Amino acid sequence: MRFRQRPDNDNTPETIVINGKTVAVVMPAFRAAQTLEATWNAIPAGLVDHALLVDDASDDDTVRRAESLGIEVVVHPENRGYGANQKTCYRTILERNPDIVVMLHPDYQYDPRLMTAMTGMIASGVYEVVIGSRILGGGALDGGMPWWKYAANRFLTGVQNLALGAKLSEYHTGYRAFSADLLRAIDWSDNSDDFVFDNQMLGQVVLAGYTVGEVSVPTRYFEEASSINFRRSVRYGLGVLGVSLAGLACRMGLYRHPLFRRHADRNPA
Ligand SMILES: Nc1nc2c(ncn2[C@@H]2O[C@H](COP(=O)(O)OP(=O)(O)O)[C@@H](O)[C@H]2O)c(=O)[nH]1
Ligand SMILES: [Mg+2]
């Protein structure tokens, strides 16, 4: 496996170091050839010490393009799903020992320029996790989020906040920053290999007692930035309801779902 740091190249006179912390970005990729370069170029120069892209057996040019940008690439030989992709992202990047890890979709949907703010919130020591929210700031629909995705997001977020006893503006964003310590503390290895991985992980974070920081992120919806269709969204939505129920049952001491094993260990009924 090859690993190259982002070159401190000619147009990058400065390195951004926040509280002496090292920052890694991980990009779970599937058919990201058209959008990867725009995403990469918008990452603040000098901020990222390590960059990793995990390709989930894309049938386009994603791997070659990532390599030509000097990004470390890990390839799944077959399509394993979005959750499995993130597991490879976190396992691989934790071996590089960064202090902060940002997960960013390489589909240019979320603005990478906010990464400095998100990593800064973690480096400050106030938060161990920060999400980029499309809902805070109120621009999701103007940014092109389909109305049914918006409605589902708001509904599921309401249910989940009640079930988990939290107050997040959304649980479904693909833009998240974590301290490496949190990534080691959360037991995500048995989570779903599908899209609901993200939601399970935030549920685990909330039940583990972490406070989630939020930053508003303008949303961009265009063809390459959104491929999940209605059917897959429904499956995802049902998965989210399952996570909410499991979390509620665990908080009430009624059922120890494997997702929240560590929570139950700390809070015996
Ligand atoms: N690993 C993996 N990722 C996928 C797959 N399908 C979509 N993705 C990625 O999942 C992320 C979210 O999907 P996307 O279509 O952008 O959803 P939306 O932006 O929420 O409408 C994107 O970064 C996609 O590249 C897949 O089969 N495997
Ligand atoms: Mg997207």
Side-chain angles (χ1 to χ4, degrees), residues 25-40 42-43 51-63 65-66 71 73-93 101-112 114-115 131-135 139-157 160 169-177 188 191-202 217-240:
V25 60
V26 296
M27 293 177 276
F30 182 63
R31 295 183 181 150
Q34 302 302 318
T35 52
L36 174 62
E37 195 162 350
T39 308
W40 178 247
I43 294 177
L52 169 71
L53 178 142
V54 176
D55 180 68
D56 203 24
S58 300
D59 50 8
D60 67 3
D61 232 8
T62 299
V63 170
R65 294 209 182 186
I71 300 169
V73 178
V74 173
V75 180
H76 284 177
E78 73 288 337
N79 187 277
R80 293 190 197 150
Y82 173 72
N85 191 325
Q86 271 191 73
K87 291 177 193 174
T88 305
C89 284
Y90 299 138
R91 273 193 203 112
T92 309
I93 208 66
V101 178
V102 183
M103 191 275 284
L104 172 68
H105 287 177
D107 65 0
Y108 203 46
Q109 183 159 36
Y110 304 89
D111 200 322
L114 292 168
M115 215 179 262
I131 61 170
S133 167
R134 297 163 294 182
I135 302 300
L141 289 170
D142 287 342
M145 185 187 268
W147 69 267
W148 57 271
K149 281 199 179 183
Y150 180 81
N153 186 320
R154 302 301 291 142
F155 169 73
L156 293 171
T157 297
Q160 202 143 36
S169 69
E170 74 156 319
Y171 289 78
H172 319 286
T173 169
Y175 197 9
R176 300 160 176 225
W188 41 262
N191 288 7
S192 166
D193 285 343
D194 202 355
F195 286 108
V196 81
F197 173 94
D198 266 350
N199 195 259
Q200 293 174 329
M201 191 167 172
L202 264 190
V217 177
T219 312
R220 273 188 292 253
Y221 269 82
F222 52 101
E223 200 185 329
E224 290 86 1
S226 185
S227 61
I228 302 178
N229 59 24
F230 186 73
R231 223 180 120 95
R232 289 186 85 182
S233 297
V234 169
R235 196 166 76 199
Y236 171 78
L238 292 174
V240 170

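Quick caveat, the model's predicted, so the values are computed rather than measured. Whatever order the structure lists ligands and atoms in, that order sets their numbers, starting from 1.
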The Mg ion (ligand 2) to nearest N/O/S of Ala225 below 2.8 Å = yes
Is the shortest distance from atom 24 (C) of ligand 1 to a protein heavy atom below 4.0 Å?
-> no
Quick check, are the ring centers of His76 and Phe30 under 6.0 angstrom apart?
-> no
Give a yes or no answer on whether the side chain of Tyr110 reaches the backbone of Arg176 with a donor-acceptor pair at less than 3.5 Å.
-> no
pair Tyr150-Ile135: side-chain heavy atoms closer than 4.5 Å | yes
Min over Arg220, His105, Arg80 of heavy-atom distance to atom 12 (C) of ligand 1 lands on His105
Ligand 1 contact on Lys149 by region, counting heavy-atom pairs under 4.0 Å | side chain
Identify the closest protein heavy atom to atom 2 (C) of ligand 1: which residue and atom is it, and at what distance?
-> Asp56 OD2, 3.2 Å
Among non-hydrogen protein atoms, atom 19 (O) of ligand 1 lies closest to Gln109 OE1, 2.6 Å
Best match, Tyr82, Phe30, Phe195, Tyr221: closest heavy atom to atom 20 (O) of ligand 1 | Tyr221
Any Lys/Arg nitrogen of Glu37 or Arg65 sitting under 4.0 Å from an Asp/Glu carboxylate oxygen of the other?
-> no
Compare all side-chain heavy atoms of His172 with those of Thr157 and state whether any distance is below 4.5 angstrom.
-> yes
Side chains of Asn191 and Gln86: do they bring a donor and an acceptor to under 3.5 Å?
-> no
Within-4.5 Å side-chain heavy-atom neighbours: Phe197 and Lys87 | yes
May I ask you to list the atoms of ligand 1 that are less than 4.0 angstrom from any heavy atom of Asn85?
-> 1 (N)
Is there a side-chain contact between Ser192 and Gln200, using heavy atoms and a 4.5 Å cut-off?
-> yes
Is the distance from the Mg ion (ligand 2) to some N, O or S atom of Ser227 under 2.8 Å?
-> no
Has ligand 1 got any nitrogen or oxygen that is less than 3.5 angstrom from a nitrogen or oxygen of Ile228?
-> yes
Where the Mg ion (ligand 2) is the corner point, what angle links OE1 of Gln109 with OD2 of Asp107, to 10°?
-> 110°
Contact with ligand 1 for Gly81, non-hydrogen, under 4.0 angstrom | yes
Answer with yes or no whether Ala32 contacts ligand 1, where contact means a heavy atom under 4.0 Å from a ligand atom.
-> no
Run the salt bridge (Lys or Arg N to Asp or Glu O under 4.0 Å) check on Asp56 and Arg80 step by step: do they pass?
-> CA-CA 6 Å; Asp56 203 24; Arg80 293 190 197 150; 5.9 Å; no
A student checking ligand 1 against Ser227 at a 4.0 Å heavy-atom cut-off should list atoms 7 (C), 14 (P), 15 (O)
Enumerated ligand 1 atoms positioned under 4.0 Å from heavy atoms of Ala225 | 14 (P), 16 (O), 19 (O)
Would you say Val101 and Cys89 make side-chain contact, with heavy atoms under 4.5 Å?
-> no
